[in-house]
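The block underneath contains the structure these notes are about, expressed in structure tokens.
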Amino acid sequence: MTQNEQIVLAQYPEGLPKAEDFRFEIIDIASPEEGEVTIETAYISADPYMRNRMKPNTNSYIGGFELDQPIVGLAVGQVTESNHSDFKKGDTVSGMLPWQKYSTVKADDLMHLPDLDVPPYLFLGVLGMTGQTAYHGLLDIGQPKAGDTVVVSAASGAVGAVLAKSQKSKVPVLSVLQAEIRKQAILLMN
């Protein structure tokens, strides 16, 4: 059987995560059972929310990581073996996957990626969860109207940066820094 590689959480970090908080392991690749596929991971997203998952008894909305288990995060890869009719070898997919070179998972937990002329890693950012959060957060939840100004409180973060850079928004978008500069300019002019 072919060997696989994975990164597990060896201990809960204290302060900033260090190399010894993780462990690199060699394991076997599991063959897909009915309804499963095996994916060769091409890109893994390491996101800020994951740090909160590296605490014992965390109250994270997504749950904490377990010791001696692989870190799990959004990833993009290609199907190498399929035991599901909707997925074939070579399909590019995305999903919450263990940090492994090869992952065998339920096909229902995966999303086919559209065949666009863009690098697949963009589906971990602007074309993925980050971009969707920015887009739907602004337009579906915020529902700004003409004449509104949107202030982005954390344009240095992934979602805020996408939102602040968006050229498709229907209203002006200001980062907090831009808003403060504008406020100071108005104060100086008065």
Is there a path of hydrophobic side-chain contacts, each under 4.5 Å between heavy atoms, that joins [X] and [Y]?
X	Y	result
I29	V37	no
M129	V72	yes
Y43	L113	yes
L74	V126	yes

Is the closest side-chain donor-acceptor distance between E36 and N83 under 3.5 Å?
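Judged by distance alone, the side chains do not pair up.
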Do the side-chain N and O atoms of Q6 and E25 include a donor-acceptor pair separated by under 3.5 angstrom?
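Looking only at side-chain atoms, E25 and Q6 do form a donor-acceptor pair, the distance falling under 3.5 Å.
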Side-chain heavy-atom pair [X], [Y] within 4.5 angstrom cut-off:
X	Y	value
I71	L9	yes
V76	L124	yes
M111	F123	no
Y12	L67	yes
T80	I39	no
L127	Y121	no
R23	V8	yes
T38	S103	no

Could you walk me through whether F22 and M54 satisfy the side-chain contact (heavy atoms from CB on, under 4.5 Å) test, starting with their C-alpha distance in whole Å, then the side-chain angles of each, then the deciding distance to 0.1 Å, before giving a yes or no?
CA-CA 11 Å; F22 306 93; M54 294 179 195; 3.9 Å; yes
Which atom pair, heavy atoms only, marks the closest approach of [X] to [Y]?
X	Y	answer
I7	F24	CG1-CD1, 4.5 Å
W99	M50	CZ2-CE, 3.7 Å
T130	G125	CB-O, 3.4 Å
A75	T41	CB-CG2, 4.1 Å
R53	G63	NE-O, 2.6 Å
R51	P13	NH2-O, 3.5 Å

In a check of side-chain contact (heavy atoms from CB on, under 4.5 Å) between M96 and each of I62, D109, V105, which one passes?
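When I62, D109, V105 are each tested with M96, the side-chain contact (heavy atoms from CB on, under 4.5 Å) holds only for I62.
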With distance as the sole test, does [X] use its side chain to make a donor-acceptor pair with the main-chain N or O of [Y] at under 3.5 Å?
X	Y	result
Q69	E66	no
T104	A30	yes
N52	Y49	no
S82	F87	yes

Are more than 12 heavy atoms from other residues, nucleotides or ligands located less than 6.0 Å from atom CG of D115?
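Atom CG in D115 is not packed in, count stays at 12 or less.
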Residue E20 excluded, over 12 heavy atoms near CD under 6.0 Å
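Yes, enclosed.
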Flag the pair K101 and E40 as a salt bridge only when some basic side-chain nitrogen lies within less than 4.0 angstrom of an acidic carboxylate oxygen.
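Salt bridge: yes.
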Do K88 and D91 meet the salt-bridge criterion of a basic N to acidic O distance under 4.0 Å?
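The answer is yes: the pair qualifies as a salt bridge.
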Apply the test side-chain contact (heavy atoms from CB on, under 4.5 Å) to residues I26 and E5: give CA-CA distance (whole Å), side-chain angles for both, the deciding distance (0.1 Å), then the verdict.
CA-CA 5 Å; I26 303 294; E5 304 166 351; 3.9 Å; yes
Under the criterion side-chain contact (heavy atoms from CB on, under 4.5 Å), I'd like the reasoning laid out for S94 against L110: C-alpha separation, chi angles, the key distance, then a yes or no.
CA-CA 6 Å; S94 179; L110 299 172; over 6 Å; no
